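Since we're looking at a predicted model, the values are computed, not measured.
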Amino acid sequence: MTLVRFLDSTGQVSSETGAPPGTRLLDIAQALGEPLEGTCEGQMACSTCHVIVAAEDFDRLPPASENEDDLLDLAPHVTRTSRLACQIVLDGVLKTLTVRMPG
């Protein structure tokens, strides 16, 4: 189980939950009412589920695919730790995962 935290624009926790391995971050966000569209349904056709991963968690995630990197080039407010929530699948290794919305 991974503790997933979403931060608001001020850095305060807006929601958090425990999630089992195999769960996509986008699905967690939508279940919690976080403002991530994910309109491409995970088919890598948009960048509407862009999140910024906390630096301490970013290096523990599997690297982004080339397609994901290309889509992030289209997203506003990209940082070094930006990822697409539809492409982050919890693997049971991370104990916590903290992300915030860009912008």
Checklist entry - Can you check side-chain contact (heavy atoms from CB on, under 4.5 Å) on V13 and F6, steps first, answer last? => result CA-CA 6 Å; V13 175; F6 291 89; over 6 Å; no
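- Side-chain contact between D69 and E66: absent, with no pair of heavy atoms (C-beta onward) separated by less than 4.5 Å.
- One side chain, T10 or D8, offers a donor N or O that lies under 3.5 Å from an acceptor on the other.
- A donor-acceptor pair under 3.5 Å links the side-chain atoms of T79 to the main chain of T81, judged by distance alone.
- For G92 against P21, the heavy-atom pair with the smallest separation is CA-CG, 3.8 Å.
- Between the side chains of Q87 and S65, no donor-acceptor pair of N or O atoms lies under 3.5 Å.
- Between the S82 side chain and the I52 main chain, no donor and acceptor come within less than 3.5 Å of each other.
- Annotation: side chain of L97 is in contact with side chain of I88 (closest heavy-atom distance under 4.5 Å).
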Next on the checklist: Run the side-chain contact (heavy atoms from CB on, under 4.5 Å) test on L36 and T48 for me, step by step, so that the C-alpha distance in whole Å, both residues' side-chain angles and the decisive distance to 0.1 Å come before the verdict.
Outcome noted: CA-CA 7 Å; L36 285 178; T48 60; over 6 Å; no
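- Side chains of H50 and L72 form a contact here, defined as non-hydrogen atoms less than 4.5 Å apart.
- Heavy atoms only, all atoms of each residue included: P20 and M1 are closest at N-SD, 3.7 Å.
- Taking the side chain as every heavy atom from C-beta outward, K95 and T2 never approach each other to under 4.5 Å.
- Taking the side chain as every heavy atom from C-beta outward, L7 and T98 approach each other to under 4.5 Å.
- In this structure, CG in L32 is found 13.0 Å from CZ in R5, a value given to the nearest 0.5 Å.
- Judged as a side chain to side chain donor-acceptor pair (under 3.5 Å), and not counting sequence neighbours, D70 has no contacts.
- Linking Ile, Leu, Val, Met, Phe, Trp and Tyr residues whenever their side-chain heavy atoms come within less than 4.5 Å places L94 and L25 in a single cluster.
- Contact check for L90 versus I28: side-chain heavy atoms found under the 4.5 Å cut-off.
- Two residues are said to be in side-chain contact when any heavy atoms from C-beta on lie closer than 4.5 Å; R100 and S9 fail this criterion.
- Note on V89 and L26: separate hydrophobic clusters, where clusters join Ile, Leu, Val, Met, Phe, Trp and Tyr whose side-chain heavy atoms are under 4.5 Å apart, directly or indirectly.
- Considering every non-hydrogen atom in both R80 and F58, the closest pair reads O-CZ, 3.5 Å.
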Checklist entry - After noting the C-alpha distance and the side-chain angles of D73 and V78, does the key distance pass the side-chain contact (heavy atoms from CB on, under 4.5 Å) rule? => result CA-CA 8 Å; D73 289 341; V78 172; over 6 Å; no
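- With contacts defined as side-chain heavy-atom distances shorter than 4.5 Å, the pair C49/E37 does not qualify.
- L3 belongs to no hydrophobic cluster with other residues, because no ILVMFWY side-chain heavy atom falls under 4.5 Å from its own, directly or through intermediates.
- Shortest non-hydrogen contact noted between A19 and V4 is CB-CG2, 4.3 Å.
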